[in-house]
Amino acid sequence: MGELVKTRIGWTDLPHHVQSAVEDVLGDRVVEAVSQPGGFSPGTADRVRTAGGRRAFVKAVSPAQNAHSVTLHRAEGAVAAALPASAPTPRLLGRHDDGEWVALVFADVDGRHPATPWRTDELTTVLDTMAAMAATLTPDPVRHAPTAVERLAYDFTGWDRIAADPPVDVDPWARSRLDDLRASAARGLAALDGDTLCHLDVRADNLLVDPAGAVTVVDWPHACRGPAWLDTALLLVNVQLHGGHDTEALLRRLPLTTGVDPDALTGVYAGLAGFFTDAARQPPPPGIPTVRAFQQAQADALLPWIRHRMR
């Protein structure tokens, strides 16, 4: 998973007025805050406890840490406010936006990230959750969400950018098949029509497993409207990254993906690999020094799988 961002701020770094706004949402004074690992945002990610014992999760950021993270927090707040209570997602308690600082306050989830490499029992539970979540979020309850095609149109042209300016260390097989990869990614993008609200960033550090084994899907800034199978297909990228499971066999047997056009699935993975390959060579975003290595690792995990599927 992503290495903890070394520049992440904490609760005590927040301006007093932001702390006060969070405490107004909670109706009590925060007396303890514990920063949570994982992910890439340089903003706060704290489990907090109030004087009266109430627990919550607070995430807050300003442009001083990373301007794009502010945009993501606003987007996540809008999505979280519209999610149905039946979805396996944390409940939004309130939000603060003063034009500079954006803070989101969620009900705390007593859980941990799934183990990686993925354990079979946890993977089975998470895949079942993906299927149930897709059913719950169809039709899409967040009507302002963009479509998956809109969300991924730029990302899935990564191979075009690589063809125009190939890095010296691009994978030799990918270099030899650039035209095929570009065409495959275009097919994948065209297949993303649907009316399911998709998370679009399902991986182990965006999942929490509680002591009873129930799964909560967190961090929804990239939510979009697409096919019911998309989040399941994307989760398998994380499984492929960490190894230990036959992702090809999973694609063939899982109810949500078994009937999907194989070329469409290959195209989605080709589009993602192009995005990761292109993004990994860019300078790191301000305050997020580890994300490029993670993108490269995902590209390296995907390319052998795509090569197998494109034989």
Side-chain angles (χ1 to χ4, degrees), residues 1-2 4-5 8-11 14 21-23 25-28 30-41 43-61 69 72-73 75-96 102-116 118-119 121-137 141-142 197-223 231-232 234-235 238:
M1 273 316 34
L4 176 63
V5 178
R8 172 171 288 167
I9 61 173
W11 169 260
L14 295 178
V22 170
E23 291 174 334
V25 170
L26 296 174
D28 199 0
V30 170
V31 296
E32 181 183 64
V34 180
S35 184
Q36 301 302 296
F40 296 97
S41 172
T44 67
D46 289 300
R47 275 182 162 140
V48 303
R49 179 176 59 83
T50 70
R54 188 178 189 185
R55 295 184 179 275
F57 176 75
V58 179
K59 56 195 305 184
V61 73
S69 292
L72 293 179
H73 276 44
E76 181 177 5
V79 170
L83 286 170
S86 55
T89 60
R91 183 166 60 94
L92 181 68
L93 302 177
R95 45 184 164 163
H96 164 80
V102 178
L104 305 177
V105 186
F106 292 95
D108 187 44
V109 177
D110 180 18
R112 57 169 179 79
H113 299 308
T116 51
W118 282 81
R119 288 172 22 189
D121 60 335
E122 291 185 346
L123 178 57
T124 298
T125 300
V126 169
L127 288 168
D128 288 345
T129 300
M130 291 298 101
M133 184 172 78
T136 298
L137 298 180
V142 184
L197 184 70
C198 303
H199 180 281
L200 206 64
D201 196 21
V202 184
R203 56 184 200 239
D205 61 346
N206 281 336
L207 300 165
L208 294 172
V209 183
D210 72 18
V215 175
T216 300
V217 185
V218 304
D219 291 345
W220 285 78
H222 305 292
D231 279 339
T232 293
L234 296 179
L235 173 68
N238 195 250

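- Between A204 and P114, the closest heavy-atom pair is O-CD, 3.3 Å.
- L83 pairs in a side-chain contact (heavy atoms from CB on, under 4.5 Å) with only one of the listed residues (L137, L92, T136), which is L137.
- Taking every heavy atom of both residues into account, Q36 and R8 meet most closely at O-NH1, 2.5 Å.
- Taking SG of C198 as the reference point, atom CE of M133 lies at 7.5 Å (rounded to 0.5 Å).
- No side-chain heavy atom of H96 sits less than 4.5 Å from a side-chain heavy atom of V105.
- Within the structure, salt bridge (Lys or Arg N to Asp or Glu O under 4.0 Å) pairs that include any residue of residues 207-220 comprise K59-D219 (at least two apart or interchain).
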For this session: Show your working on side-chain contact (heavy atoms from CB on, under 4.5 Å) between V22 and W11 and close with a plain yes or no.
Result: CA-CA 10 Å; V22 170; W11 169 260; 3.9 Å; yes
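- The main-chain N or O of V34 is never found under 3.5 Å from a side-chain atom of R49 such that the two would form a donor-acceptor pair.
- Remark: L207 CG to L235 CG distance equals 7.0 Å, nearest 0.5 Å.
- When atom types are taken as modelled, the side chain of D231 and the backbone of L200 share a donor-acceptor pair closer than 3.5 angstrom.
- Residues R203 and L234 have side chains not in contact (no heavy-atom distance under 4.5 Å, counting atoms from C-beta outward).
- Among all heavy-atom pairs drawn from N206 and D201, the shortest one is ND2-O, 2.8 Å.
- Side-chain contact between V126 and W118: present, with at least one pair of heavy atoms (C-beta onward) separated by less than 4.5 Å.
- V58 places none of its side-chain heavy atoms less than 4.5 Å from the side chain of V25.
- Between F57 and F106, the two ring planes are tilted [angle within 30° to 60°].
- When side chains are defined from C-beta on, L197 counts as touching W220, because their heavy atoms get closer than 4.5 Å.
- Under the 3.5 Å distance criterion, the side-chain polar atoms of R55 are left unmatched by any main-chain donor or acceptor of V109.
- The distance from the OG1 atom of T125 to the CZ atom of R119 is 9.0 Å, given to the nearest 0.5 Å.
- Atom CG of L14 sits about 7.5 Å away from atom CG of D46, to the nearest 0.5 Å.
- Between P88 and V215, the shortest heavy-atom distance links the atoms CB-O, 3.6 Å.
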For this session: Applying salt bridge (charged side-chain N to carboxylate O under 4.0 Å, His left out), run through E76 and R95 and close with a yes or a no.
Result: CA-CA 10 Å; E76 181 177 5; R95 45 184 164 163; over 6 Å; no
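- At least one donor-acceptor pair closer than 3.5 Å links the side chain of H199 to the backbone N or O of V218.
- Between T216 and P90, the closest side-chain pair of non-hydrogen atoms falls below 4.5 Å.
- Here the side chains of L93 and R54 are in contact, with some heavy-atom distance below 4.5 Å.
- The closest donor-acceptor contact from the side chain of D28 to the backbone of T50 lies at 3.5 Å or more, if one exists at all.
- Closest approach of H113 and D205 over heavy atoms only: CE1-O, 3.2 Å.
- Counted within 6.0 Å of CZ on R91, heavy atoms from surrounding residues, nucleotides or ligands total 12 or fewer; the atom is thus considered open.
- Side chain of E23 to backbone of V30: a donor-acceptor contact under 3.5 angstrom is found.
- Side-chain contact between V61 and T44: absent, with no pair of heavy atoms (C-beta onward) separated by less than 4.5 Å.
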